[in-house]
Amino acid sequence: FRGLLIGRLTLAWSKAGLVALQRGQISGPHGAIECFEKSWDLEEEHLNPMAWLALERINSFIGNKSRRRICFKLLSLFLA
């Protein structure tokens, strides 16, 4: 990804997560969950809600209620 080359690692991980979703790779190495978790960044906080929302939706889909609640709380704090 071009983002990896120019230092936009957060955005690159988000894109990798979307690609993993399209390929059906939800969990495991290089899966969507791992990519979106790596996309959190304190320097580019405006991108974090996208990762939290994606993780909330993925965890809801796979039935992981506790992880879903954590992501939902993070998203709620940001939007408050």
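We're numbering straight along the sequence, starting at 1.
Contact annotation: the side chain of S60 never approaches that of R57 to less than 4.5 Å [non-hydrogen atoms, C-beta and beyond]. Side-chain atoms of I58 and N64, non-hydrogen and from C-beta on, never get closer than 4.5 Å to each other. Side-chain contact between L53 and F72: absent, with no pair of heavy atoms (C-beta onward) separated by less than 4.5 Å. Within the 4.5 Å cutoff, no side-chain heavy atoms of I70 are placed close to those of W52.
Taken together through direct or relayed side-chain contacts under 4.5 Å among Ile, Leu, Val, Met, Phe, Trp and Tyr, M50 and L77 form parts of separate hydrophobic clusters.
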Which atom pairs, donor and acceptor, lie under 3.5 Å between side-chain atoms of residues 21-31 and protein residues at least two apart or in another chain?
none

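For E56, the side-chain hydrogen bond (donor to acceptor under 3.5 Å, both in side chains) criterion is met by R68, not counting sequence neighbours. Residues passing the side-chain hydrogen bond (donor to acceptor under 3.5 Å, both in side chains) test with K38, sequence neighbours excluded: E34.
Side chain of S39 to main chain of F36: a donor-acceptor pair is present (N/O by atom type, distance under 3.5 Å, no hydrogens or angles).
The minimum heavy-atom distance between A20 and A32, with the atom names listed, is CB-N, 3.5 Å.
Between C71 atom SG and I33 atom CD1 the span is 9.0 Å, to the nearest 0.5 Å.
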